[in-house]
Amino acid sequence: MGLTIAQKIIKAHLLSGEMKAGEEIGLKIDQTLTQDATGTMAYLEFEAIGIPRVKTELSVAYIDHNTLQSGFENADDHRYIQSVAAKYGIRFSRPGNGICHQVHLERFGKPGKTLIGSDSHTPTAGGLGMLAMGAGGMDVAVAMGGGAYYITMPKMYKVNLTGKLRPWVSAKDVSLEILRILSVKGGVGAIIEWGGEGVKTLSVPERATITNMGTELGATTSIFPSDEITREFLKAQGREEDYIALASDEDAVYDRIIEINLSELEPLLACPHSPDNIKKAKDLGHIKVDQVCIGSCTNSSLMDMLKVAAVLKGKTIDPSVSLSISCGSKQVLTMLAQCGALNDILSAGARLLECACGPCIGMGFSPNSGGVSLRTFNRNFEGRSGTKDGQVYLVSPELAAASALTGYITDPQTLGAYPEIVMPKEFNIDDSAVIMPLAEAEAQNAQVLYGPNIKPFPKSEPLQDEIKAKLTLKVGDNITTDHIMPAGAKILPYRSNIPKMSEFCFNVCDENFPKRALANKQTIIIGGSNYGQGSSREHAALVPMYLGVKAVVAKSFARIHTANLINAGILPLTFVNEKDYDELNQDDDLVLTNVFASLESGDFTLLDQTTGKEYKLKGQFTPRQQGILKAGSMLAYTKEV
Ligand code: MIC
Ligand code: SF4
């Protein structure tokens with residue numbers, strides 16, 4: 001039987017398990033990346049494991065998220081990460097060098113290799129034919145130490161592309177179309193391979209826009225073949241030697257095949273507050289726009305920016321619109337400046353932000369109250385922009401630029417002739433903002449620099465055989481990690497201070513949750529389906545662990561968050577009968593009985609002492625996961641074995 005692209009890479013990296021969908025497999029990881037909002041914790045964990053130097057082929061620490069330095073906290077974290085990187089053999093990408101996924105695509109990603117990153121959009125590198133996955137910080141720490149990365153062997157989906165995008169329709173619309181088809185849970189447990197004739201019409205940055213947003217489908221990752229277009233891109237980046245050809249076998253078997261005809265697509269938008277709330281631009285009516293943000297790891301390549309510049313050239317944006325531009329990397333920004341396109345953007349009235357995540361993570365540029373914000377980003381969860389009632393729409397760069405000019409949501413097809421974008425044959429190669437680590441001999445005596453806001457990793461407790469806990473919080477479907485542990489400029493500086501962070505846990509849903517959880521000592525959370533979708537932030541598990549959460553019982557879970565819960569010693573359990581969800585009420589006294597035996601059998605029993613009713617729950621854990629849960633956390637377990 002033939003293999004898919006992902007299966008070929010998995011086969012070449014398989015350390016344990018069988019390549020059967022649903023089985024746990026351990027993979028050798030060639031490259032890792034971290035960013036600063038998750039990196040501090042990941043490196044504290046790496047230090048706690050106690051390995052003198054990373055064992056990967058390449059590990060890079062990026063600074064791109066927490067770049068607003070309104071106090072010492074973020075600056076201290078950056079200094080800590082820089083000193084850890086120097087000591088342990090990790091390259092350090094300085095603030096200003098760009099967004100981790102864009103820079104990694106340009107300078108480090110390699111077809112056929114494995115990459116995990118402490119950021120859920122790590123699959124961006126799938127645009128280059130890499131098997132790239134988002135993971136919790138602890139899993140990245142283990143991989144840096146040479147340990148395997150464990151996932152459930154995914155199912156294989158294929159999207160067969162035919163045709164060619166029409167003018168004013170772009171790769172972002174392909175991302176939105178697949179979200180329309182599959183929804184935010186449609187990719188859970190699957191790897192999505194993009195293939196078919198239409199693939200040849202898409203450049204690497206366009207492919208990366210598509211694999212980037214595969215994260216919003218809940219997919220384990222997304223991947224494109226590595227072909228002549230990949231070779232061209234790597235050559236233009238001065239690293240043709242990194243190229244290998246990669247394609248699936250003719251007789252590869254897929255669990256599902258989805259057809260998309262690129263020629264039939266139209267400009268789309270994801271309306272508030274979910275990336276799968278898709279509408280056609282032409283169907284939306286007259287909606288006034290307050291803010292437009294262009295950038296993020298989804299749409300910040302040189303090609304994207306050149307398109308925006310071509311639309312804005314010689315024009316002025318509507319007076320009521322505030323437009324921000326953040327290039328994905330220093331390479332993009334300098335090339336945009338050299339060719340004069342930056343001037344076209346600035347002359348039109350845009351506000352230039354640094355090459356970083358910025359507004360995407362609520363690091364400034366929040367919209368006005370109730371403001372309509374069009375963003376070329378990948379997430380529009382409620383409150384994520386920093387403005388609780390902000391109305392965020394996810395759009396293509398073309399639609400964003402067109403709407404900035406008119407002040408209303410505007411179908412870019414109404415703009416007339418499509419500008420011709422000529423991509424350079426060579427990119428500016430300047431890696432001076434990537435600082436190499438110290439040589440091994442020097443590194444031994446190098447100091448790691450901590451700041452007062454960097455608090456030790458919270459202590460975990462071994463699993464109890466009987467868990468008596470309060471139902472402190474009941475939430476609905478599609479709870480994101482932005483609900484559980486919000487980001488934004490005010491909270492992000494505390495990413496290395498779990499006690500302080502805990503004050504903001506679930507603030508979007510219920511501001512009193514942290515206090516109640518501490519008072520109740522032990523908590524069980526009840527959730528709906530797709531609990532924990534979105535970001536990879538392990539804080540969404542570490543903080544609940546700190547607040548005494550012992551189990552989350554939900555209808556279903558998102559992949560990375562499940563792993564993070566287990567790593568934090570919290571039991572992720574699902575209902576045998578989903579209807580039981582309706583019967584459980586906040587403040588009920590709950591008991592999980594015979595937990596040790598249940599761990600082995602996979603069958604758990606939840607007793608509601610308030611109503612006297614009993615419920616059947618499921619929780620299938622591999623022996624490795626059982627070990628982690630019993631030890632109380634991955635860190636405790638790693639120290640045990
Ligand atoms: C995000 O887009 O939500 C983030 C911020 O990049 C997160 C990581 C984090 O919370 O630090 C992600 O996607 O994993
Ligand atoms: Fe940064 Fe936004 Fe991309 Fe997350 S989704 S890595 S915050 S640009």
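Indexing begins at 1, ligand by ligand and atom by atom, following the structure's order.
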Atoms in ligand 1 flagged as close to Ala37, the criterion being non-hydrogen separation under 4.0 Å
11 (O)
Check contact between Arg379 and ligand 1, using heavy atoms of the residue and a distance below 4.0 angstrom.
yes
What is the number of protein N/O/S atoms located under 2.8 Å from atom 3 (Fe) of ligand 2?
1
Show which atoms of ligand 1 fall inside a sub-4.0 Å distance from at least one heavy-atom site of Arg495.
9 (C), 10 (O), 11 (O)
Which atoms of ligand 2 are found less than 4.0 Å from any heavy atom of His65?
1 (Fe), 4 (Fe), 6 (S), 7 (S)
Asp276 side chain vs Leu179 backbone, donor-acceptor pair below 3.5 Å
no
Within the 4.0 Å heavy-atom shell around Asp119, which atoms of ligand 1 are there?
4 (C), 6 (O), 7 (C), 8 (C), 12 (C), 13 (O), 14 (O)
For His65, the atoms of ligand 1 under 4.0 Å from one of its heavy atoms are 4 (C), 5 (C), 6 (O)
Proximal atoms of ligand 2 relative to Arg384 (non-hydrogen, under 4.0 Å):
2 (Fe), 5 (S), 7 (S)
Under a 4.5 Å cut-off applied to non-hydrogen side-chain atoms, are Ser502 and Pro514 in contact?
no
Under 30°, 30 to 60°, or over 60°: which ring-plane class applies to Phe504 and Tyr494, parallel, tilted or perpendicular?
parallel
What part of Arg384, side chain, backbone, both or neither, has a heavy atom within less than 4.0 angstrom of ligand 1?
side chain
Check Asp77 with Arg495, please: is the shortest side-chain N to carboxylate O separation under 4.0 Å?
no
Among all protein heavy atoms in this structure, tell me which lies nearest to atom 13 (O) of ligand 1, with the distance rounded to 0.1 Å.
Ser120 OG, 2.5 Å
Is the shortest heavy-atom distance from the side chain of Ile210 to the side chain of Val159 under 4.5 Å?
no
Considering only protein heavy atoms, which is closest to atom 8 (C) of ligand 1, and at what distance to one decimal place?
Gln35 NE2, 3.1 Å
Using atom types as modelled, flag every donor-acceptor pair under 3.5 Å from a side chain in residues 127-140 to any protein atom, sequence neighbours excluded.
| unit_1 | atom_1 | unit_2 | atom_2 | d |
| --- | --- | --- | --- | --- |
| Asp139 | OD1 | Asn567 | ND2 | 3.2 |
| Asp139 | OD2 | Asn567 | ND2 | 3.4 |

Would you mind reporting whether Lys172 and Asn299 have side-chain heavy atoms less than 4.5 Å apart?
yes
Which of the ligand 1 atoms, numbered from 1, are nearer than 4.0 Å to a heavy atom of Ser535:
3 (O), 7 (C), 8 (C), 9 (C), 10 (O), 12 (C), 13 (O), 14 (O)
